[in-house]
Amino acid sequence: MVQLGAVSKERQLPLKLKNLTVGHCVMVGVVLVAGFIILYPLLTVILGSFQIADEWGESVGYSFRNFRRLLEPEFLEVMGNTLIVSLGTTALAGLLGVILAWISARTDSFGTRAFEPFNLIPFYLSPLIGAIAWTYLASPSVGLLNQWTIAALNLSAAPFDIYSTPGIIWVMSLFYTPYMYLFTVGSFKKMDPALEEAARTTGAGIIGTTLRVTVPLMLPSILFGLSLTFVTSMGLFSVPAALGIPVKIEVLATTIYALVEADSPDYNMASTLGMVILFVTLITFFIQRKILLPREFTTVTGKGYRPNVIRLGKWRYLTCAFHLFYLLAAAGLPIFALLIVSLSRLWQGSPDYTDLTLSHYFWVLFEYPITQRGIMNSLFLAFVGATAGMALCFVLAYTVNKLQGKPKAMLDFIVTLPIGMPSVVLSMGILIAYIKTPLYATIWIILLAYITRYIPVGVKNVSSVLLSLSQELEDSSLMCGASWFTTMRRILVPLVKPGLLAGWMILFLIFMRELNASILLFSEGNEVMSVILFLLLEDAPAPQIAAYSMIQAAIMLVIMYGIRSFADSDDISA
């Protein structure tokens, strides 16, 4: 029996090695492709920042001249504006998100269960749509809130001005709050209540315990959320473009766009501004790491426990009002404003409910061909991009899961790198890198930018499922003679199907609304929905802009509902 077993094992070993060789070839190939599409644009931006070009745009040498230009007044003002907007957005979004997560996860506030499904609506909507909606709410001349406030309080001037730095911060904060909520709500739910109860036994109240115990223990989640919010807000284009360009408030993202889209593009100076964002990104995450490494943040112990629900008493009314205020500001009022404006025959700042029309929706859907083309292009990019992206992410996640030691850490770092690269910087790198290739001015370069930017999202969804699977499943299939591809198709893919489908739907949703990664890469005939919406801001009447915004918002909300329904089904939870 021992001899037969040895012979059987000896016969199977070459087949297993053969199968692993095929798998290794596939993994190496995918890793090389992913490394190229991620690192090549990044290196292009770094190299371009040092290049000096002649009047025809050809490189004639390298120097620090572009970096010295950063000291010119116009660029110092741009960097100052960016810093103010990013810090303001991070502070306000952090405050709103952490409070919202605490209310939802740890308190008995009124309406928490009813409100919770709506907390992430701003995450699914485009920030550009939010900016447009808030122009109809808080524009000094035709804003609904201004009209209502002036009439109610008999004011002589409009109290709100969305076309300002505080206005930009306000809108960006509303749409970054869900990020902070997502990063912290899970930690709040998992914290051992004994840690807080120990504080209460010393006489600390609810607010004191929260500020001195709960929030400090949440520091890893809070700091990561704040860091990501800060670096991504530095590269956000949509909101500063919609609210800042009309009043000449320039930030780094809009300045990069202006340099690239000028009659004589200055790609090298645009790369230098991109390097500023990348440098701040590295410094931000370095500081975050330095703060967290020396400290311990154990919040989950080995003892069984139930998450502690804090009894707020009369404070339940205040927390409920806060929750409702956020939902109204981030979703309710913007959607209402878009709907009213889109149904108005002519928008002059106040709705005329006796003269509503659907003609603007008819114009958008049937009479204006560019809007139809944008919808079709977005659907194509979302479907193909999500499918190709998740196929790539599956192999990448599988490879990361197989590696050990330094190779694993290095690949994990490269795969995660795009999440810390603002979309406008990455798309600029892709533009410069492929400007002399057949990809330039095609829809495929936008597809490449989408996939590259959101590789970390797909890999994370698949990795979370792969980590729960035993290696024995794959080994058993290979030892039985199945090929590597057969093992993938019959064993691993069905088991990681929930992660694949969840990742696919998230990427589909993101690609449908993406603007920052496509604003520098689109060309005539390849416009996507968000780009067309941005172009409509220049010359289209407000009701037509609102109608197109409502159509895009409706598509996003339907997809969001589908994702949530699928996430709650047995298939995804299996």
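The figures here come from the full heavy-atom set of this structure, side chains too, leaving out hydrogens, waters and symmetry mates.
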For Ala540 and Ile545 the tightest heavy-atom approach is O-CD1, 3.4 Å
Would you give the length of the straight line joining atom CG of Leu520 to atom CG of Leu431, rounded to the nearest 0.5 angstrom?
-> 6.5 Å
Can you name the nearest heavy-atom pair linking Ile432 to Ser271, along with the distance?
-> CD1-OG, 3.3 Å
Let me see the working for Leu500 and Val462 under side-chain contact (heavy atoms from CB on, under 4.5 Å), right down to the final yes or no.
-> CA-CA 6 Å; Leu500 286 171; Val462 178; 3.7 Å; yes
Criterion side-chain contact (heavy atoms from CB on, under 4.5 Å) on Trp134 and Leu137, from CA distance to verdict = CA-CA 5 Å; Trp134 269 95; Leu137 288 168; 3.9 Å; yes
Kindly indicate whether the side chain of Val276, heavy atoms from C-beta on, has any atom under 4.5 Å from the side chain of Thr82.
-> no
Between Ile129 and Leu533, is a side-chain contact (heavy atoms from CB on, under 4.5 Å) present by the stated rule, with each step listed?
-> CA-CA 8 Å; Ile129 292 178; Leu533 185 56; 3.8 Å; yes
Can you list the steps and then say if Trp444 with Phe380 is a ring-ring contact (aromatic ring centres under 6.0 Å, His included)?
-> CA-CA 11 Å; Trp444 303 108; Phe380 170 79; 5.6 Å; yes
Do the side chains of Leu392 and Val30 get nearer than 4.5 Å, heavy atoms only?
-> yes
Give the ring-plane orientation class for Tyr257 versus Phe237, where under 30° counts as parallel, over 60° as perpendicular and anything between as tilted.
-> tilted
Exercise: do Glu250 and Thr254 side chains pair donor with acceptor under 3.5 Å | yes
Do Glu72 side-chain atoms and Phe75 backbone N/O form a donor-acceptor pair below 3.5 Å?
-> no
Is any side-chain heavy atom of Leu39 less than 4.5 Å from a side-chain heavy atom of Leu417?
-> yes
For residues Asn66 and Gln51, report the shortest heavy-atom separation together with the two atoms involved.
-> ND2-O, 2.9 Å
Could you tell me whether the side chains of Ser523 and Asn526 share a donor-acceptor contact shorter than 3.5 Å?
-> yes
With a cut-off of 6.0 Å (strictly less than), are more than 12 heavy atoms of other residues, nucleotides or ligands near CZ of Phe383?
-> no
Leu96 backbone acceptor or donor facing Tyr181 side chain under 3.5 Å = no
Say you draw a straight line from CD1 of Ile121 to CG of Leu174; how long is it, rounded to the nearest 0.5 Å?
-> 13.0 Å
Given side chains that start at C-beta, do those of Leu537 and Leu128 come closer than 4.5 Å, heavy atoms only?
-> yes
Ile169 to Gly88 - nearest heavy-atom pair and separation = CG2-C, 3.5 Å
Determine yes or no for a side-chain-to-main-chain donor-acceptor pair under 3.5 angstrom, with Asp161 supplying the side chain and Ser164 the backbone.
-> no
Step-by-step side-chain contact (heavy atoms from CB on, under 4.5 Å) determination, Ser423 to Tyr454 = CA-CA 10 Å; Ser423 296; Tyr454 292 102; 4.1 Å; yes
Taking the inter-plane angle between the rings of Phe508 and Trp504 on a 0 to 90° scale, is it parallel (under 30°), tilted (30 to 60°) or perpendicular (over 60°)?
-> parallel
Which is it for Tyr440 and Tyr434 under the ring-ring contact (aromatic ring centres under 6.0 Å, His included) test, yes or no, and what are the steps along the way?
-> CA-CA 6 Å; Tyr440 179 67; Tyr434 298 100; over 10 Å; no
In terms of ring plane angle, is the pair Phe50 and Phe67 parallel, tilted or perpendicular, where the classes change at 30° and 60°?
-> tilted
Roughly how far, to the nearest 0.5 Å, is CG of Leu536 from CD1 of Ile132?
-> 8.0 Å
Donor-acceptor pair, Thr184 side chain versus Ile222 backbone, under 3.5 Å?
-> no
Can you name the nearest heavy-atom pair linking Leu396 to Ile455, along with the distance?
-> CD1-CG2, 3.9 Å
If we ignore angles and hydrogens, is there a donor and acceptor under 3.5 Å between the side chains of Gln544 and Tyr368?
-> no
Hey, does Met269 have a side-chain heavy atom less than 4.5 Å from the side chain of Val260?
-> no
In terms of the angle between their ring planes, are Tyr40 and Phe36 parallel, tilted or perpendicular, with boundaries placed at 30° and 60°?
-> parallel
Does a side-chain heavy-atom distance below 4.5 Å link Ser104 with Asn119?
-> yes
Taking atom CG of Asn81 and atom NZ of Lys248, what is their separation to the nearest 0.5 Å?
-> 13.5 Å
Measure from the side-chain N and O atoms of Asn516 to the backbone N and O of Gly235, and report whether any donor-acceptor pair falls under 3.5 Å.
-> no
Shortest non-hydrogen pair, Glu514 vs Val528, comes out as O-CG2, 4.1 Å
Could you tell me whether the side chain of Ser427 and the main chain of Ser518 form a donor-acceptor pair under 3.5 Å?
-> no
For the side chain of Thr272 and the backbone of Ser49, is there at least one donor-acceptor N/O pair under 3.5 Å apart?
-> yes
Does Phe230 offer a backbone N or O that forms a donor-acceptor pair with the side chain of Ser233 under 3.5 Å?
-> yes
Do you see a donor-acceptor pair shorter than 3.5 Å between the side chains of Gln552 and Ser126?
-> no
Flag side-chain contact, heavy atom, 4.5 Å: Met529 against Leu515 | no
Counting distance only, does the side-chain N/O of Ser378 pair as donor-acceptor with the main-chain N or O of Ile375 below 3.5 Å?
-> no
Between Tyr267 and Ile256, is any pair of side-chain heavy atoms under 4.5 Å apart?
-> no
State the CG-CD1 distance between Leu125 and Ile335, to the nearest 0.5 angstrom.
-> 5.5 Å
Quick one: CG on Asn377 to CG on Leu447, what's the gap to the nearest 0.5 Å?
-> 11.5 Å
Indicate yes or no for a side-chain donor-acceptor contact from Thr44 to the backbone of Gly429 under 3.5 Å, with no hydrogens or angles considered.
-> no
Will you find, in the side chains of Ser530 and Arg513, an N or O donor that is under 3.5 Å from an N or O acceptor?
-> no
